[in-house]
Amino acid sequence: MFDLSWIDLTILVLASFRLTHLIVFDEITAFLRNPFFTVTYVTDATGQLLRQIDFKGGKIRSWIGRLLSCYWCVGIWVALVVVGLYLYVPAAYPLLLLLAIAGAAAVIETKMYMS
C-alpha cells in the first residue's frame with residue numbers, strides 16, 4: 001500500500017473538511033448550488049433558526065441538489081479527490097496544506113464562538 005504519516009493524515013482530514021464545507025455551505029460557492037436548490041432560514045416555535053432547503057427541477061437536477069446539500073455525501077467525494085491528489089499529484093500538496101490550515105482555523109474559530 002503506502003506509508004501515511006500522522007501529519008499527512010491530519011492534513012488530508014482537515015483539507016477534506018474545509019473543501020466539503022466550502023462546497024456545501026460557504027457563500028462564495030453558492031453559484032454551484034443555486035441551480036439545484038434554494039436555502040431559506042426559518043425560526044421554529046422555540047426560536048431556533050432552521051435551514052430549509054427547496055430543491056429545483058426534475059429527478060436529475062433534484063438529485064444533484066440533494067447531493068450538494070448533504071455534507072456527508074459531498075464529504076465522500078471530496079475525500080476521494082483529496083486522497084487522489086495526495087497519491088497521484090504531488091504538486092497539489094501545497095493546495096491540500098492550504099485547505100488544511102484553513103480547516104484548522106475554521107475549527108478553532110468555531111470553538112471560540114461556542115465558548
At their closest point, which heavy atom of [X] faces which heavy atom of [Y], and how far apart are they?
X: F17; Y: G103; answer: CE2-O, 3.6 Å
X: V42; Y: Q52; answer: CG1-OE1, 3.7 Å
X: G57; Y: S62; answer: O-CB, 4.4 Å
X: S16; Y: A79; answer: OG-CA, 3.7 Å

Pair listing, side-chain hydrogen bond (donor to acceptor under 3.5 Å, both in side chains) test, anchored in [range], at least two apart:
range: residues 31-43; result: T29-R33
range: residues 67-88; result: D8-Y86
range: residues 98-109; result: none

- Check step by step if side chain to side chain contact (heavy atoms under 4.5 Å, CB included) holds for F37 and L68. CA-CA 9 Å; F37 62 88; L68 288 174; 3.9 Å; yes
- Message: As a quick check of understanding, evaluate side chain to side chain contact (heavy atoms under 4.5 Å, CB included) for K56 and F36, giving each step before the final call.
- Response: CA-CA 5 Å; K56 300 176 182 177; F36 305 103; 5.9 Å; no
Report yes or no: do [X] and [Y] belong to one cluster of Ile/Leu/Val/Met/Phe/Trp/Tyr joined by side chain heavy-atom distances under 4.5 Å?
X: L22; Y: L98; result: no
X: L85; Y: I76; result: no
X: V39; Y: I64; result: yes
X: L80; Y: L32; result: no
X: I108; Y: L14; result: no

- Item | Sidechain-backbone polar pair: D44 side chain, T46 backbone, donor-acceptor under 3.5 Å | yes
- Message: Given 3.5 Å as the limit, does a donor-acceptor pair link the side chain of R18 with the main chain of L96, or not?
- Response: no
- Task: Give a yes or no on whether L50 atom CG has more than 12 heavy-atom contacts from other residues, nucleotides or ligands under 6.0 Å away.
- Result: yes
- Query: Do other residues, nucleotides or ligands put more than 12 heavy atoms under 6.0 Å from L49 CG?
  - Reply: yes
- Query: Just wondering, do V78 and I23 contact through their side chains at under 4.5 Å, heavy atoms?
  - Reply: yes
- Message: Pair I11, I101 - check side chain to side chain contact (heavy atoms under 4.5 Å, CB included), show working.
- Response: CA-CA 8 Å; I11 288 169; I101 292 168; over 6 Å; no
- Message: Would F25 and T20 count as a side chain to side chain contact (heavy atoms under 4.5 Å, CB included) here? Give the steps.
- Response: CA-CA 8 Å; F25 296 110; T20 298; over 6 Å; no
- Does R66 make a cation-pi contact with F55, if we ask for NZ or CZ under 6.0 Å from the ring centre and within 45° of the axis? yes
